[in-house]
Amino acid sequence: MEKKIKDLLVDQSDQFFGTKIEEKSVQFQLTRKEFEGDLTLVVFPFVKLLKLSPVDVANKIGQFLQENFTEIESFNVVQGFLNISLSSDYWKKTLQNIDSNNTYGREQLDSKATILVEYSSPNTNKPLHLGHLRNNFLGYSVAEILKANGHKVIKTQIINDRGIHICKSMLAWERFSPLNVNGERETPENTGLKGDKLVGKYYVVFDQEFNKEAKEIIAKWEENSFDGFSSQVVEQYQKFVSAKAGKDEKVQADLDAKIKDLAKNETSVLRDAKEMLVKWEARDPQTYLLWSTMNGWVYDGFKSTYEAMGVNFDRLYYESETYLLGKDLVSEGLSKGVFFKKEDGSVWVDLTADGMDEKLLLRGDGTAVYMTQDLGTALDRKKDYPDLEGVVYTVGNEQDYHFKVLFLVLKKLGYDWADKCFHLSYGMVDLPSGKMKSREGTVVDADDLMAEVVQSAKEMTSERGHLEGMSIEQKELLFKQIGMGGLKYYLLKVDPKKRMLFNPDESIELTGNTGPFIQYAHARINSLLAKAGGINEFNNALLGQEEKELIKVLAQYPSVIQEAGNTYSPALVANYCYELVKSFNHFYQSVPMLIEEDINVRDLRLVISRNVSKVIVDSLSLLGIDSPQKM
RNA sequence: GGCUGCGUGGCGCAACUGUAUAGCGCAUCAGAUUUCGGCUCUGAGGGUUGGGGGUUAGAAUCCCUCCGCGGUCACCA
């Protein structure tokens, strides 16, 4: 309807306004509930054109529109706002259209360009945590929303399966894992630990050894024993120490940190890890075997975590496979003169002209860095999907700079499709106790958290739910649906780019703006419809204010999906769904349904309920949340 | 310090590309319901949208500036 009015006004603007008007100057909003009407046109933009007062302008436009559209029943003017009331027939027809459309709100499947959505992308050296949950839910949901917008979507992740971080876990395991009676080191099988947890354990072990050794080195330095260190390092150290003299605490701490970094660089464990990386890139068989074994453990562990999260992928990329392409790109850039080489053989790109720094692309020893492999991955994808019209990278906002650089470098290499890459940057998840820090053990493990919310769902539902007649399996499924629904909704209802606070208790609340509240409303409608039996015609029903309000909310759904797609924001879908449920609860409370005597009115209300239920299910599915029939 | 993001009632969050009296949940208080699920609904109190300035008929929204809180500026990923 908005579009029809807009088209008419733009079309006839020459006669009506005496000049051509732009489409965007025709602005609509929903009429506020304290005024009468369904649709409001803001007339301020036209005041100057017609040289009349806002009220007169509104009246003139109102009359003009009413003459042209039978759907418009009446209008009223408040200041510069033209409130238009649409007829009962219009609303009933709207309801009918919604009711008869099985894919209401969605564009035709695969009717639009292909978009690749990358999310999750964990490191294979430690288990997933709360932050990953936000990432996964967000990425999955954005992919679903883009699908609903008609895009062909490929869900993907790049697995960071190579790099110095992996070598650290490998080294620590090889060196520090105790041998059992059979002379074996620890494995998931002989310890019963989840593979990702076991590997993560050794990453921590590495860090501890790393720090221990660094401390020992510093202790030596402090005793002026510099045997075995290069003169450069010693010089640096002495420079830092002399700089400390007479400075305040903060500066001193800063310098201490620098000294520590210096010492860390001199540790044997780090040197060995680096050596391991060089060996790995040279495909040393033994190193490769160790690497693939430990990665295998991690994948097994991740697999069960992904299953619990309810996310999936269409295509996986491994950095171990794309980093070589990245290296090729680097040579290509070198020969094109886009990059340059430093004396030690390392390769850089100079972005100072674009207001950024010089950025390392390849280490002096020839091994790849993060950027190298990301460049390779980007190219690889474009090769696999030549018709790609967009790439969404779901990665935390601490990497904003990285992606700015990545896209820019791609452009500099002449790949114009870099413009279609989008970094879906999201904020960190904080705990009430503050920031998550792995060193302080305040990381919330994803597996633990999911188990916990499912457990709470079990407790609450067993207490108050309607579980009679359900098998054990059905109940288990239900607890999962509720627990995960609560968790997902909690993490998705907030605008992605905002840093958010995670309160474990609130996430599984059943009242207020929560997933289970919405699921509950759906279950209730479901049982209502089951009791109602058959539904017939409602054409003769009188359309009341309550009914109309709810149809209006239903009618917004398609534009919500669109907007959510344009802005990559599941939060819009979540908030809409909540609004819908609240409107329904209000409706439910204020009008009788099953005991309504007028059969037409009864059926009208039931049809509305049926479609509310349909839209709830659909919008929750866009968030990756299930809608149980009973709970 | 450079770049970048954020700042909305006690707490957690909304407000589409500027627009009518800034909404919602939690918490607090007061009420409703012989109805289909009391995990529901209605109402009240609580805000000079971090401060100041500017653009506009109109600013939480755009611009400038200051303050506060993050992130980032690694031969880590």
Side-chain angles (χ1 to χ4, degrees), chain A residues 24 27-32 34-35 40 42 44-45 47-48 54 78-81 83 121-123 125 160 162-166 168 261 265 274 319 342 344-348 355-357 359-365 367-371 373-374 396-402 404 425 427-428 430 432 435 460-461 463-466 490 493-495 497-503 506 509-514 516-517 519-521 523-525 527-532 556 559-560 562-563 566-567 571-572 575 578-579 582 585-596 606 609 630-631:
Chain A
K24 69 172 192 212
Q27 292 165 16
F28 286 101
Q29 50 188 279
L30 295 175
T31 304
R32 293 193 163 219
E34 58 266 36
F35 301 103
T40 294
V42 184
F44 290 111
V47 169
K48 278 182 191 156
V78 180
Q79 295 168 26
F81 299 90
N83 300 321
S121 304
N123 289 336
N125 61 342
N160 301 304
R162 49 129 274 137
I164 190 80
H165 58 297
I166 313 296
K168 288 178 179 175
D261 283 343
N265 252 319
K274 280 181 176 166
E319 279 184 0
K342 288 198 179 171
D344 61 357
S346 57
V347 180
W348 298 72
M356 288 178 252
D357 306 320
K359 192 84 189 168
L360 177 81
L361 300 175
L362 203 62
R363 291 195 188 97
D365 63 9
T367 57
V369 289
Y370 186 35
M371 190 59 77
Q373 53 215 22
D374 260 9
N397 64 6
E398 69 272 15
Q399 294 193 33
D400 285 353
Y401 184 70
H402 172 78
K404 245 171 101 174
S425 158
M428 219 173 268
D430 283 324
K435 205 176 152 176
M460 291 191 201
T461 316
E463 207 172 292
R464 310 182 245 191
H466 297 243
Y490 189 86
K493 72 177 177 186
V494 181
D495 183 353
K497 67 171 180 284
K498 280 193 176 167
R499 188 187 182 103
M500 70 175 291
L501 189 75
F502 180 81
N503 186 331
E506 271 175 26
E509 280 293 324
L510 303 183
T511 58
N513 189 356
T514 65
F517 174 79
Q519 288 174 319
Y520 177 79
R524 200 167 50 168
I525 297 173
S527 84
L528 172 72
L529 291 171
K531 274 191 188 150
Q556 287 168 253
S559 61
V560 169
Q562 256 181 39
E563 186 65 23
N566 291 339
T567 57
L572 295 180
N575 288 323
Y578 177 60
E579 285 303 320
K582 266 200 310 181
N585 280 341
H586 171 78
F587 178 71
Y588 177 81
Q589 191 74 20
S590 51
V591 303
M593 298 244 209
L594 296 183
I595 55 168
E596 168 62 44
L606 288 171
S609 304
K630 277 192 198 172
M631 60 189 278

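Chain letters run A, B, ... following the sequence lines, proteins first and then strands; every chain starts at 1. If you're wondering where the values come from, they're calculated on a predicted model, not measured in any experiment.
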Is [X] touching bases, backbone alone, or none of the nucleic acid, heavy atoms closer than 4.0 Å?
{"X": "Asn503(A)", "value": "nothing"}
{"X": "Tyr520(A)", "value": "base"}
{"X": "Ala571(A)", "value": "nothing"}
{"X": "Leu528(A)", "value": "base"}

Output yes when a side-chain donor or acceptor of Asp365(A) lies under 3.5 Å from a complementary backbone atom of Thr367(A), and no otherwise.
yes
Parallel, tilted or perpendicular, as decided by the 30° and 60° cut-offs, for the rings of Phe44(A) and Phe81(A)
perpendicular
As a test of reading the structure: which of rU35(B), rC3(B), rU8(B) is closest to the side chain of Lys498(A), going by heavy atoms?
rU8(B)
Can you tell me which nucleotide in rA14(B), rG37(B), rC6(B) comes closest to the side chain of Asp495(A)?
rA14(B)
Would you say Glu509(A) and Tyr490(A) make side-chain contact, with heavy atoms under 4.5 Å?
no
For [N], the Watson-Crick or wobble counterpart (both distances under 3.5 Å):
{"N": "rU34(B)", "answer": "none"}
{"N": "rC26(B)", "answer": "rG10(B)"}
{"N": "rG46(B)", "answer": "none"}
{"N": "rG5(B)", "answer": "rC69(B)"}
{"N": "rA59(B)", "answer": "none"}

Do any side-chain nitrogens or oxygens of [X] fall under 4.0 Å of OP1 or OP2 in [N]?
{"X": "Asn575(A)", "N": "rA14(B)", "answer": "no"}
{"X": "His586(A)", "N": "rU42(B)", "answer": "yes"}
{"X": "Arg363(A)", "N": "rA77(B)", "answer": "yes"}

For nucleotides 70-74 of chain B, which of its nitrogen or oxygen atoms have a protein nitrogen or oxygen under 3.5 Å away, and what is each distance?
residue: rG70(B); atom: O2'; partner: Arg499(A); partner atom: NH1; Å: 2.0
residue: rG71(B); atom: OP1; partner: Lys435(A); partner atom: NZ; Å: 2.4
residue: rC73(B); atom: O2'; partner: Asp357(A); partner atom: OD2; Å: 2.8

For Tyr588(A) and rC41(B), what is the distance between atoms OH and P respectively, to the nearest whole Å?
11 Å
Separation of rC16(B) atom P from Gln556(A) atom CD, nearest Å, is 13 Å
Walk along nucleotides 17-25 of chain B from 5' to 3' and tag each nucleotide B, S or - by protein heavy-atom contact under 4.0 Å, base first, then sugar-phosphate.
--BB---SS
Spatial distance of atom [atom1] ([X]) from atom [atom2] ([Y]) [nearest 0.5 Å]:
{"X": "Leu606(A)", "Y": "Leu528(A)", "atom1": "CG", "atom2": "CG", "result": "6.0 Å"}
{"X": "Tyr401(A)", "Y": "Asp357(A)", "atom1": "OH", "atom2": "CG", "result": "3.5 Å"}
{"X": "Arg32(A)", "Y": "Asn83(A)", "atom1": "CZ", "atom2": "CG", "result": "11.0 Å"}

Over all heavy atoms of both residues, which pair between [X] and [Y] is shortest? Give the atoms and the distance, please.
{"X": "Met631(A)", "Y": "Thr461(A)", "value": "C-CG2, 4.3 Å"}
{"X": "Ser425(A)", "Y": "Asp400(A)", "value": "OG-OD1, 2.9 Å"}
{"X": "Leu360(A)", "Y": "Met371(A)", "value": "O-CB, 4.2 Å"}

Side-chain donor-acceptor contact under 3.5 Å, Asn160(A) with His165(A)
no
Between Leu362(A) and Met500(A), whichever has its closest RNA chain B nucleotide further toward 5' is Met500(A)
Relative to the 5' end of RNA chain B, which residue comes earlier, Lys168(A) or Leu501(A), by the nucleotide with the nearest heavy atom?
Leu501(A)
Can you check the distance between rG51(B) and rA59(B), where both ends of the measurement are the P atom (answer in whole Å)?
15 Å
